[in-house]
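What you see is a predicted model; the values in this text were computed from it and never measured. Counting starts at 1 for both ligands and their atoms, following the listed order.
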Amino acid sequence: MAVSKDLITKAVVEGIKVASIYLPPDVKEALRKAYEEETNSAAKAQLEAILKNIELAEKLKAPICQDTGLITYYVRIGAKFPALDVIEEALIEAARIATKEIPLRPNTVDPVTGRNPGDNTGRYAPVIIWDGIDPKGDYLEVTVVPKGGGSEYVTVYAMVPPGKGLEGVKEVVLDAVVKAGAMPCPPTIIGVGIAGLSDVAMHLAKKCATTRKIGSRHPDPVIADLEKKLLDMVNELGIGTMGMGGKTTALAVHIDYAYRHPATYAVAVAFFCWAARRATVTIKSTGEYTVTQ
Ligand code: SF4
């Protein structure tokens, strides 16, 4: 089957369905482990309710949470992939169709007029992040992330005095987690971005919170060690599942960095709630496609 706008739309609608209904196996496994290890009865009851909710969503083929998020796409393109000219249109159309078919809550609102178009589209919506070109690839890879409002609400950006370095990063992260409290629907996945520019730090934080699998580690051993240490420190805060206390405030801390300017040390902290939804659609130039989590 040749690649066309309709084929891309169809594949991405399927990706939005999978992301909205089924949590990725690594997230389910981490939530199950948190439930088994929890000794605080209020937090355990919340985790039990979360696990039942996940099961029910799968059984009824209904969205995991009533907040079906702002649809975000991370798009990686192979240079040899045909139909480059219709990708954007296809992604927008997929958001429209998925909103009707699943159905999704219409979440996009014009910040000037307050008008909601009712189909999860609008100016810069759905959010399309062009995330690189594979010079030899003949595929299109779209990672769908429906991003919930509660976890987005508490996103933090800070400029750390460069002399403080990674100690400054720790302070920003712990402060952000304490201030966020129960708002991001913990247990969360915390993404931390370090860079010279504010937008780069934010992009890295958001991307590693929402697209990296739990259990993966940063290739830089210093950063991998910091991820582990920060996760322990965050969980020692005792905010716990939905703010009920207990052992698990976060399921993972993921960090990424970019080289910075000597005078700047930008740090961003992004949260992904327990409903950490994602699915990756890979379309080959032959028209075959897969949806994976
Ligand atoms: S933050 Fe996540 S779990 Fe909480 S209401 Fe929003 S989408 Fe649902």
Side-chain angles (χ1 to χ4, degrees), residues 15-32 34-35 38 42-58 60-74 95 98-99 102-109 116 120 125-127 143-156 176-191 202 205-214 234 237 239-246 248-254 268-279 293:
I16 299 172
K17 281 186 186 165
V18 170
S20 303
I21 297 168
Y22 306 94
L23 275 194
D26 57 298
V27 179
K28 283 201 277 191
E29 189 45 43
L31 287 166
R32 254 185 238 122
Y35 171 75
E38 189 54 76
K44 202 168 176 86
Q46 287 292 328
L47 281 163
E48 194 180 351
I50 286 172
L51 292 172
K52 280 198 181 135
N53 193 339
I54 293 167
E55 245 182 72
L56 208 61
E58 289 182 2
L60 301 175
K61 302 210 177 337
I64 293 161
C65 184
Q66 84 284 350
D67 177 2
T68 51
L70 269 187
I71 298 172
T72 306
Y73 301 119
Y74 288 87
T99 302
I102 298 176
L104 303 175
R105 192 170 80 181
N107 272 343
T108 53
V109 179
N116 184 329
N120 279 311
V127 180
T143 297
V144 180
V145 175
K147 184 69 170 69
S151 63
E152 192 61 23
Y153 202 88
V154 288
T155 309
V156 160
V177 175
V178 170
K179 285 194 179 127
M183 180 66 115
C185 294
T188 57
I189 301 171
I190 298 169
M202 192 56 81
K206 195 71 72 69
K207 189 179 167 188
C208 68
T210 58
T211 65
R212 246 179 72 185
K213 282 191 180 167
I214 295 174
V234 163
L237 293 172
I239 294 164
T241 300
M242 302 305 280
M244 292 291 176
T248 312
T249 300
L251 302 170
V253 174
H254 295 158
V269 185
F271 295 83
F272 210 16
C273 56
W274 69 259
R277 297 160 289 189
R278 62 173 142 77
Q293 287 182 298

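Near W274, with a cut-off below 4.0 Å to any heavy atom, the atoms of ligand 1 are 3 (S). Residue G148 has at least one heavy-atom neighbour below 4.0 Å for each of these atoms of ligand 1: 7 (S). Atom numbering of ligand 1 starts at 1 in the shown order; those under 4.0 Å from a heavy atom of S151 are 1 (S).
Partner R278 forms a side chain to side chain contact (heavy atoms under 4.5 Å, CB included) with one of V144, T210, V27 and no other, that one being V27. Of the candidates N107, T99, T108, N120 forms a side chain to side chain donor-acceptor pair (under 3.5 Å) with just one, namely T99.
Ion pairing between a basic and an acidic side chain is recognised when a charged N comes within 4.0 Å of a carboxylate O; E152 and K206 show such pairing.
Backbone or side-chain N, O or S atoms of C65 do not reach atom 4 (Fe) of ligand 1 at under 2.8 Å.
Judged by distance alone, the side chain of T72 and the main-chain N or O of V127 form no donor-acceptor pair under 3.5 Å.
There is a side-chain donor-acceptor pair under 3.5 Å between S151 and K147.
Atom 4 (Fe) of ligand 1 has its closest protein heavy atom at C185 SG, 2.3 Å. Atom 2 (Fe) of ligand 1 has as its closest protein heavy atom C273 SG, 2.3 Å. Looking only at heavy atoms of the protein, atom 6 (Fe) of ligand 1 is closest to D67 OD2, 3.3 Å.
The CD atom of E58 sits 7.5 Å away from the CD1 atom of I64 when rounded to the nearest 0.5 Å.
Only the side chain of R277 comes within 4.0 Å of ligand 1, counting heavy atoms alone; its backbone N, CA, C and O stay farther away.
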